[in-house]
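Please read the structure below before turning to the comments.
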Amino acid sequence: MISKIKKSIQQDLATNKLSVFTALVINTLLLTSDYLNEFIFWICLILEALIIFYFLTMIYYKVKK
């Protein structure tokens, strides 16, 4: 079961590097813009937290290996 999760994470990382980078850049630009409203701010904040959690999960499984 854990090996399936590790394999899935490695495949996600291989295919989604550009998507993760783009999401971080777009979120950073939105967070620093003047016309930002509160709804967009919280959506971006949650998305960035999920991306950070995703990276921490990958690191955890690589270290646990």
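Under the 4.5 Å side-chain heavy-atom criterion for Ile, Leu, Val, Met, Phe, Trp and Tyr, L50 and I52 are members of distinct hydrophobic clusters.
Screening Y54, Y61, F55 against T57 for a side chain to side chain contact (heavy atoms under 4.5 Å, CB included) leaves a single residue, Y61.
Atom CD1 in I46 sits 12.5 Å away from atom CD1 in I51 (nearest 0.5 Å).
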